[in-house]
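The first residue in the sequence is number 1, and the count goes up from there. Whatever order the structure lists ligands and atoms in, that order sets their numbers, starting from 1. For clarity, every value in this text was computed on a predicted model and none was experimentally measured. Atoms considered below: every heavy atom in the structure, side chains included; atoms not considered: hydrogens, waters and symmetry mates.
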Amino acid sequence: MIDPTPVAPPRIGPVQLPSAAVLAPLAGYTDHTYRLICRSLGAAYCATEVTLDSSINLSPKLRRKLIHIPPADHPIAGQIMGREAASMATAARHLAAMGCDVIDLNFACPVRKALRRRRGGHMMRDAETAVAVLRAVAAAIDLPLTVKLRKSFHEEDTAHDAFWRIAETAFDVGAAAICVHGRSVEAAYRGPADWAFLAEVKRRFPDRVVFGSGDLLTAADGVRMLRTTGVDGVSFARGALGNPWIFRQFDDLLAGRDGADPDLPEQRRILEMHYALCLESFGPKDGPRMMNRFGIRYARSHPRTKAVRTAFINSDHGQGIPGILETFYDA
Ligand SMILES: Cc1cc2nc3c(=O)[nH]c(=O)nc-3n(C[C@H](O)[C@H](O)[C@H](O)COP(=O)(O)O)c2cc1C
């Protein structure tokens, strides 16, 4: 039984979101093409893929290569990762100048290379550095600041001392919101996300904006997280990969409507739109390659998932993307 009580979508500083469902940053996927697709289906807010502060600071040319924000791609957070306070502050200023509406700090990345360089999720066991970065970035920008956190570094850490210290500092320096992934850094993406911890965060910060992340694989998961933990918004990640309709389904379910799955003509419409964006943005050589990566994901929404996935995997020396659309999406 769906609870029909209305939910007011949150604000991120001055930015009022039209929905409580946002697209999570997903390295390798949430480039501007996929962000535009998700927005067209109701994603209220998006973030760039995580970018290193040092790359942002290196040169204007590299910055423009890494981050492209078309006019329709707002509101958007620029997400950065690094450990040097001054360098993070400089990168945040560059992102502001490039048109980001919000600056988001990544203190959550579990990738080994990031941890070895004491970045990303490493901050969850180095709260002092995280606090220094937060203070420096908050002082450097006029834009809203947000932070992506995990519940702890070590799986067995039940006190969450670093988490509370970082989250409290974030709000003290004026952060507009935090996004909490309910897994430890050690767990990476394994095991269930701890939604009880999200509820605890909301109890501790009832008047602050908290987004929840972890195990949001369907629109119904998003509604359930919102209702059971009290978070203000839900950040769809793996659930949005290949299913950009998840945002529309979420809004439908929340309003008590049926969150229908897309039929084949609708899937084709979105794939064609995405392919056109890839060609326009990356050209005739790289555009199809970029689209294949997404096509493999879109296949999950197709009744013949396996065959469609294989066709996209072999698309370079097979029938090409227009051929795949003709063969599999001609309803
Ligand atoms: C392929 C992939 C790339 C990701 N890239 C980022 C990233 O760039 N920045 C970030 O904050 N989180 C990143 N994440 C984490 C997600 O935003 C999200 O917090 C996580 O997947 C948990 O949500 P889920 O269980 O619903 O997928 C990534 C996750 C995946 C699977």
Pi-cation contact, Tyr298 with Arg269 (under 6.0 Å, within 45°): no
Cation-pi geometry met for Arg125 and Phe153 (6.0 Å, 45°): yes
salt_bridge(Arg119, Glu84) N-O dist < 4.0 Å: no
Salt-bridge criterion met for Asp73 and Arg39 (N-O under 4.0 Å): yes
Protein residues that have a heavy atom under 4.0 Å from any atom of ligand 1, sorted by chain and number: Ala24, Pro25, Leu26, Ala27, Val50, Gln79, Asn106, Lys148, His181, Arg183, Tyr189, Ser213, Gly214, Asp215, Leu216, Ala237, Arg238
Side chain to side chain donor-acceptor pair (under 3.5 Å) contacts touching residues 276-285 (sequence neighbours left out): His32-Ser281
Reference residue Gln249; test side chain to side chain contact (heavy atoms under 4.5 Å, CB included); the match among Asn243, Val223, Leu41: Asn243
